[in-house]
Amino acid sequence: MKVIFVASGNKKGAGQVNSFVQSQFDSLQAEGLNMVLFPVVGHGALAHLKAAWQLRKIVRREKPDVIHAHYSVYGYVAALATMCMCHKPEIVVSILGSFPRRNKKWRLVRYCVQHVWDKTIVKSERTKRQLGLDVPVIPNGVNLEIFQTLEASAARKAVGFEDGKKYIIWCSNPERAEKNWPLAEAAVKQLQITNNKLQISLVPVFNKTPQEVCTYMNAADCLLLTSDSEGSPNVIKEAMACNCPIVTTDVGDVKERLHNIEGCFVAPIGDLSFVIGELAKDLEKALAFGKRTEGRKRIIEDRLEISQIANRIIEIYEQV
């Protein structure tokens, strides 16, 4: 089976896809599929029209069985690229976010799921409920060979963390508005006000290799996620694989993933000042926890290792 992966190639502005897309691509290739990667570079309608034209030429040359697009926008690109083809490949689309509001995007995605794409995968039960459609739920997998437990003192030394100080890591680029860096700063500031004895440092971790991120997760006292919306956030599962304590906003499937894991906390939904206060309280509890969690055990129990997820995706390809 030949599959073309379509995804954003805007990481670092160099045609490089996100690490979780590359990991999924590699895992499917390891299972024996003939994989072709098509990164889409650029933003906006003109860039996507150009990408559709380029993809159409690649489809004619490669004659794939499946195009697997990541994010709805690249599902639109795939549909446009294969329009009016006599022998067009099946289109599978992974929806990676969620739909907290029933807006134009929600209506367009629902229409495409029902009438345009051949199969759609969502990453959490929450997204499935939001769409109100019968679609398969397959979270992204975790590479347990990369994200593993390391000796904490060695990891702290490797990333330059000081003894006697508590480090909270936040794994994204602060310029990404949807990840809500200001909320992370506000929660940590609130914690410092309520407990001025704690020496805390909030560290944004981005533009790092997966191996470097793993080291930070093993060095940190806590990982904080403050996103406004997610599907099934990869960083949560990666931190779990490293047994890192976690504090997160209630997005995607985090409640399901972190249920009853000591040292992991999900802040309830509310207005901004309430969420800031709850995150601050949860951060204080996570830092007081003072040890590693059993997140990795849960990842294994939930069968979220990347090769297991690859086989579930292959089953979807075989159904279309």
Side-chain angles (χ1 to χ4, degrees), residues 5 7-9 11-12 14-33 35 37 39 68 70 94 96 123 138-161 167-173 176 179 203-225 227 230-246 248 252-254 257-258 261 263-264 292-314:
F5 250 36
S8 170
K11 187 176 182 184
K12 300 180 182 177
Q16 182 180 349
V17 298
N18 285 319
S19 58
F20 73 87
V21 174
Q22 187 66 56
S23 294
Q24 192 174 97
F25 179 92
D26 294 341
S27 69
L28 290 164
Q29 197 167 53
E31 295 297 323
L33 272 62
M35 302 294 296
L37 184 61
H68 187 168
H70 296 263
S94 285
L96 303 174
K123 299 300 174 179
I138 306 178
N140 291 329
V142 185
N143 189 329
L144 294 180
E145 293 182 3
I146 292 177
F147 291 94
Q148 55 184 294
T149 57
L150 304 174
E151 205 278 315
S153 61
R156 290 174 73 88
K157 184 177 180 180
V159 300
F161 286 179
Y167 287 89
I168 300 167
I169 60 169
W170 186 89
C171 293
S172 189
N173 188 329
R176 294 185 62 183
K179 300 298 182 180
V203 180
V205 177
F206 61 104
N207 290 342
K208 305 290 183 184
T209 66
Q211 291 82 1
E212 289 171 328
V213 173
C214 172
T215 303
Y216 273 94
M217 288 176 171
N218 278 275
D221 297 283
C222 175
L223 175 133
L224 174 61
L225 183 140
S227 295
E230 294 275 359
S232 176
N234 297 293
V235 69
I236 294 295
K237 297 188 288 288
E238 291 163 356
M240 290 170 68
C242 299
N243 287 336
C244 182
I246 295 167
T248 175
D253 63 351
V254 296
R257 300 274 78 87
L258 300 176
I261 299 179
C264 296
R292 308 307 283 178
T293 73
E294 293 191 353
R296 188 177 183 87
K297 180 182 177 183
R298 176 67 60 79
I299 292 291
I300 294 169
E301 289 173 348
D302 288 350
R303 298 179 61 80
L304 293 173
E305 198 277 327
I306 195 164
S307 64
Q308 294 169 320
I309 296 298
N311 283 303
R312 291 174 64 184
I313 293 171
I314 290 169

Spacing of Tyr167 atom OH and Arg156 atom CZ [to the nearest 0.5 Å]: 6.5 Å
Residue pair Ile168, Asp221: steps toward the side chain to side chain contact (heavy atoms under 4.5 Å, CB included) verdict: CA-CA 6 Å; Ile168 300 167; Asp221 297 283; 6.0 Å; no
Gap between atom CG of Leu258 and atom CE of Met240 - 0.5 Å precision: 5.5 Å
Atom of Lys123, atom of Asn140 and distance for their closest heavy-atom approach: NZ-OD1, 2.8 Å
Worked check of side chain to side chain contact (heavy atoms under 4.5 Å, CB included) between Glu145 and Ile306: CA-CA 10 Å; Glu145 293 182 3; Ile306 195 164; over 6 Å; no
Check: Val21 main-chain N/O paired with Gln24 side-chain donor or acceptor under 3.5 Å: no
Intermediate values then yes/no, side chain to side chain contact (heavy atoms under 4.5 Å, CB included), Ile314 and Leu33: CA-CA 9 Å; Ile314 290 169; Leu33 272 62; 3.7 Å; yes
Worked verdict on Ile300 versus Leu144 for side chain to side chain contact (heavy atoms under 4.5 Å, CB included): CA-CA 9 Å; Ile300 294 169; Leu144 294 180; 4.0 Å; yes
Partners passing side-chain hydrogen bond (donor to acceptor under 3.5 Å, both in side chains) against Ser227 (at least two apart in sequence or in another chain): Glu230
NZ on Lys179 to CG on Asn173, rounded to 0.5 Å: 11.0 Å
Minimum heavy-atom distance Leu223-Ala239, with the two atoms named: CD1-CB, 4.1 Å
Expected output: side-chain Arg312 to main-chain Pro139 donor-acceptor under 3.5 Å: no
Check: Arg292 side chain, Cys242 main-chain N or O, donor-acceptor pair, under 3.5 Å: yes
Side chain to side chain, Ile146 and Gln211, heavy atoms closer than 4.5 Å: yes
Any His68 side-chain heavy atom under 4.5 Å of Ser94 side chain: yes
For Ala154 against Glu151, the heavy-atom pair lying closest together: N-OE1, 2.9 Å
Distance (rounded to the nearest 0.5 Å) between Asn243 CG and Phe147 CZ: 13.5 Å
Check: Arg257 and Leu304 side chains under 4.5 Å, non-hydrogen atoms: yes
Distance-only side-chain donor-acceptor flag, Ser232 / Asp253, under 3.5 Å: yes
Side-chain touch Asn143/Pro210, heavy atoms, less than 4.5 angstrom: no
CG-CD distance between Leu28 and Glu31, expressed to the nearest 0.5 angstrom: 7.5 Å
From Cys171 atom SG to Ile236 atom CD1, the distance as rounded to the nearest 0.5 Å: 9.0 Å
Side-chain touch Val205/Glu212, heavy atoms, less than 4.5 angstrom: no
Closest heavy-atom pair and its distance - Ser27, Ala310: OG-CB, 3.6 Å
More than 12 heavy atoms from other groups under 6.0 Å of CD on Glu294: no
pair Leu37-Gln22: side-chain heavy atoms closer than 4.5 Å: yes
Main-chain N/O of Leu150 paired with Asn218 side-chain donor or acceptor, under 3.5 Å: yes
Non-hydrogen atoms of Thr293 and Cys264 that approach each other most closely: CG2-SG, 4.0 Å
Shortest non-hydrogen contact between Pro39 and Gly9, atoms and distance: CB-CA, 3.7 Å
